[in-house]
**Student:** 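Dropping a structure here in structure tokens format, bear with me for questions.
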Amino acid sequence: MPPFPETSVLLLPMVEKCVNLLQTYGFSSLKKLKQVHAFSIRHGLSISNAELGKHLVFYLVSLPSPPPMSYAHKIFTKIEKPINVFVYNTLIRGYAETGDSVSALSLYREMRVSGFVEPDTHTYPFLLKAVTKMADSRLGETIHSIVIRSGFGSLIFAQNSLLHLYANCGDVSSAYKVFDKMPVKDLVAWNSVINGFAENGKPNEALSLYTEMDSKGIKPDGFTIVSLLSACAKIGALALGKRVHVYMIKAGLTRNVHTKNVLLDLYARCGRVEEAKTLFGEMVEKNSVSWTSLIVGLAVNGFGKEAIEIFKEMESEKGLSPCEITFVGILYACSHCGMVKEGFEYFKRMRDEYEIEPRIEHFGCMVDLLARAGQVKEAYEYIMRMPMQPNVVVWRTLLGACTVHGDSDLAEVARVQILQLEPNHSGDYVLLSNMYASEQRWSDVQKIRRQMLRDGVRKVPGHSLVEVGNRVHEFLIGDKSHPQSDEIYAKLREMTERLRLEGYVPRISNVYVDVEEEEKEDALVYHSEKIAVAFMLVSTPERSPIRVVKNLRVCADCHLAIKLVSKVYDREIVVRDRSRFHHFKDGSCSCQDYW
DNA sequence: AAACATCAAC
């Protein structure tokens, strides 16, 4: 084949031809893009040709995830200077989307230093997306000021990006400031600020912002509903969630797969497993998030065997593959059912079959799997063999198991580690003091108490939430502030008497679970969950199920008492505590007494 | 030729 003359006039039709080819096949596959690239080389086109290079970079970056960024960047470096701002933007976008924020930032710097190109309206939204993923609010503020100086601060896309950036760093007040100052607030802005509050433990604020948005006549979309429902799911507010469900129906969003997924999650997290399963069964379009949500939902509710059955179904489904979170659910299910051998098998299959590299979360599950089954020493050895530094959660898992299985030596080891990684966490002191108390080691209990005082550790006050009708009732320990308090306490006394007849003996040792509580003179201080249960006994129809959401872990005494209440009063009681669900029925609990 | 916002976890 004779060489092509190197005149741009002659090459022009060839550039056009290649660009045409890219436009026809561009989005289909990397293979096609490489073919066009090869074609251009065969026809004497140099990749330094700006027009061709620009298109190639664009189509490469636009490939489905993950785009071949190093290939795209290589072409970028060969394009003749000066490089068009569009090409910079495209590459920054690619890095932002693949989570390579460092490369996105350094490309931006390179662009500013080159002096040939200026950022345009698209540059900052892309760059801010990259910075958002770094969750570094200091850096965010720096870039924020650059955006303002650049003159693009009035752009609604830039404002929305900044709003999201602050929300993602957990800085809701800065996020709200950005939102508040926006002269024009579009749906994305509302959704971002609502989501910001929802994700940062302020579901009530999220809901009232929604009401405000509604009053301004702005219609919600799937994003709005997802944020609101997940806020409700997090605090276990079923009645509130049901209200959002009504908005969802009104807005015609019942067929949206994301909103359905999070509705399923809401029901599962409120202990309504049957409803969650029904919802799943009714879904026409199910994605892997739907399957994963159900599996995790079943697992945390103590229905591990069922979770594994669903996983097997998922595996036989075409076009779906379990992800790392699915496996967290499966390993969690195994550990809560004492299926140690199966847990190890799934762990192995995750690597071998699905090529998912285990993360610290998965190792954490394995530690729990061993420790929960009573193999506390093996769990410790497992931690020592892990290919990564154990985090505080892993040590806390071990500590929790040590207190249940009464291994105070290893508990001490775990405690020392936790203290280094995260001092001032009241839950650990409570766990430990609980364990010492159960061994009648009162001087050690005192020691822990003194340490808490010395370190200035404030215990998180326990509270329990219950819903009656559309109202949420909150109870604290020894709470007497409720209008029906007299009735509730009469019920508590009656409850204690009837439980005694069943052989209930209050577990004195666990009085020390609540260190502050000891200080109270009252000999009969009821934990919030007991008060909540008594309140539900007096305010709901006989035999109707009771749901309680507690912010801390249920103590052993309350656990035993509620088990008996479920039998004596013939009530199904679901308690969601800080780490799991307890389904009490006929005197036993789904957690099999390992809480 | 391109832009901002969603879900599942030890």
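Protein chains get the first letters and strands the later ones, always in sequence-line order, with residue 1 at the start of each.
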**Student:** If only atom types and distance count, is the side chain of A/H336 paired as donor or acceptor with the main-chain N or O of A/A299 below 3.5 Å?
**Tutor:**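 Judged by distance alone, no pair lies under 3.5 Å.
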**Student:** Quick check, does A/H122 stack with B/dA2? I mean ring centres under 5.5 Å and planes off by under 30°.
**Tutor:**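 Yes, aromatic ring over the base.
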**Student:** Just compare B/dT6, B/dC4, B/dA8 and give me whichever is closest to any side-chain atom of A/V188.
**Tutor:**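 Of B/dT6, B/dC4, B/dA8, B/dC4 is nearest to the side chain of A/V188.
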**Student:** Crowded around A/K234 NZ? As in, over 12 foreign heavy atoms under 6.0 Å?
**Tutor:**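 Yes, because the 6.0 Å sphere around NZ of A/K234 holds more than 12 heavy atoms from other groups.
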**Student:** Of the nucleotides B/dT6, B/dA8, B/dA5, which one has an atom closest to the side chain of A/N191?
**Tutor:**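 Ranking B/dT6, B/dA8, B/dA5 by closest atom to the A/N191 side chain puts B/dA5 first.
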**Student:** Just compare B/dA5, B/dC7, B/dA2 and give me whichever is closest to any side-chain atom of A/F126.
**Tutor:**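 Nearest nucleotide to the side chain: B/dA2.
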**Student:** So that I know where these two stand, are A/W190 and A/Y210 an aromatic pair - ring centroids less than 6.0 Å apart?
**Tutor:**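 No, the ring centres sit 6.0 Å or more apart.
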**Student:** I want to check one thing: is the phosphate of B/dA5, taken as OP1 and OP2, less than 4.0 Å away from some side-chain N or O of A/K129?
**Tutor:**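 Yes, because at least one side-chain N or O of A/K129 sits under 4.0 Å from OP1 or OP2 of B/dA5.
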**Student:** Mind checking A/N195 for me? I need base, sugar-phosphate or nothing, with any heavy atom below 4.0 Å counting as a touch.
**Tutor:**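 Since only primed, P, OP1 and OP2 atoms lie under 4.0 Å of A/N195, the category is sugar-phosphate.
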**Student:** Can you confirm if the aromatic rings of A/W291 and A/F280 lie within a centre distance of less than 6.0 Å?
**Tutor:**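 Centroid separation for A/F280 and A/W291: below 6.0 Å.
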**Student:** When we call it a touch if two heavy atoms are under 4.0 Å apart, what does A/H164 touch: a base, just sugar-phosphate, or nothing?
**Tutor:**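 Result for A/H164 = sugar-phosphate.
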**Student:** Classify the nucleic acid contact of A/T259 as base, sugar-phosphate or nothing, counting any heavy atom under 4.0 Å across all strands shown.
**Tutor:**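 A/T259: no heavy atom of the nucleic acid under 4.0 Å.
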**Student:** Quick one: label A/D120 by what it contacts on the DNA or RNA (base, sugar-phosphate, nothing), any heavy atom closer than 4.0 Å.
**Tutor:**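 Counting heavy atoms under 4.0 Å across all strands, the contact made by A/D120 includes a base.
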**Student:** Looking at B/dC10, B/dA3, B/dA5, which one has an atom nearest to any side-chain atom of A/R93?
**Tutor:**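 The nucleotide sitting nearest to the side chain is B/dA3.
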**Student:** Any chance the rings of A/Y166 and A/Y176 have centres within less than 6.0 Å?
**Tutor:**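 Ring-ring flag for A/Y166/A/Y176: false, centres at least 6.0 Å apart.
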**Student:** Output the rounded distance in Å from CD1 (A/I92) to P (B/dA1).
**Tutor:**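 These atoms are roughly 20 Å apart.
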**Student:** Rounded to whole angstroms, how far apart are CG on A/N200 and P on B/dA5?
**Tutor:**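 Rounded to the whole Å, the gap is 16 Å.
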**Student:** Starting from P on B/dA3, measure out to CD on A/E97 and report it in whole angstrom.
**Tutor:**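 About 8 Å, once rounded to whole Å.
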**Student:** If only side-chain N and O atoms count, and only distance matters, is there a donor-acceptor pair under 3.5 Å linking A/R372 with A/T397?
**Tutor:**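 There is no such pair between these side chains.
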**Student:** Scan A/S293 against the nucleic acid and name what it touches under 4.0 Å (heavy atoms): base, sugar-phosphate only, or nothing.
**Tutor:**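 Contact class for A/S293: sugar-phosphate only.
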**Student:** How many Å lie between CG on A/L320 and P on B/dC7, as a whole number?
**Tutor:**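 Taking atom P of B/dC7 as the reference, CG of A/L320 is at 20 Å.
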**Student:** In whole angstrom, give the distance that lies between atom CD1 of A/I218 and atom P of B/dA5.
**Tutor:**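 A/I218 atom CD1 is separated from B/dA5 atom P by 19 Å.
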**Student:** Give A/N287 one of three labels, base, sugar-phosphate or nothing, depending on what nucleic acid heavy atoms sit under 4.0 Å from its own.
**Tutor:**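 Here A/N287 touches no strand at all.
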**Student:** I want to verify a distance call: between B/dT6, B/dA8, B/dC4, whose nearest atom is closest to the A/V289 side chain?
**Tutor:**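 For the A/V289 side chain, the nearest candidate turns out to be B/dA8.
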**Student:** Looking only at side-chain atoms of A/V328, point me to the closest of B/dA1, B/dC7, B/dC10.
**Tutor:**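 When the side chain of A/V328 is considered, B/dC10 is the closest of B/dA1, B/dC7, B/dC10.
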**Student:** Of the nucleotides B/dC4, B/dA2, B/dA5, which has the atom closest to the A/N89 side chain?
**Tutor:**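 That would be B/dA2.
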**Student:** So A/T90, base contact, sugar-phosphate only, or nothing? Heavy-atom distance under 4.0 Å.
**Tutor:**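 Result for A/T90 = nothing.
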**Student:** Closest to the A/D265 side chain: B/dA3, B/dA5, B/dA8?
**Tutor:**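 When the side chain of A/D265 is considered, B/dA8 is the closest of B/dA3, B/dA5, B/dA8.
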**Student:** Less than 6.0 angstrom separating the ring centers of A/F58 and A/H55, yes or no?
**Tutor:**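 Here the rings of A/H55 and A/F58 have centres that are no less than 6.0 Å from each other.
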**Student:** Among the nucleotides B/dA5, B/dA8, B/dC10, which one has an atom lying closest to any side-chain atom of A/S192?
**Tutor:**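 Taking heavy atoms from C-beta onward, the closest nucleotide is B/dA5.
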**Student:** Under 4.0 angstrom, heavy atoms only, what part of the nucleic acid is A/F327 near: base, sugar-phosphate, or nothing?
**Tutor:**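 Since no nucleic acid heavy atom lies under 4.0 Å of A/F327, the category is nothing.
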**Student:** Starting at atom CD1 of A/I295, determine the distance to atom C1' of B/dC7, rounded to an integer number of angstrom.
**Tutor:**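 So the CD1-C1' distance, A/I295 to B/dC7, works out to 15 Å.
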**Student:** Using whole Å, report how far CG of A/L60 lies from C1' of B/dA2.
**Tutor:**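 Nearest whole value for this atom pair: 15 Å.
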**Student:** Side chain of A/K54 only, heavy atoms from C-beta on: which candidate in B/dA5, B/dA8, B/dA1 is closest?
**Tutor:**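 So the nucleotide nearest the side chain must be B/dA1.
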**Student:** Take atom CZ of A/F223 and atom P of B/dT6, then tell me their distance rounded to the nearest Å.
**Tutor:**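 Answer to the nearest Å: 7 Å.
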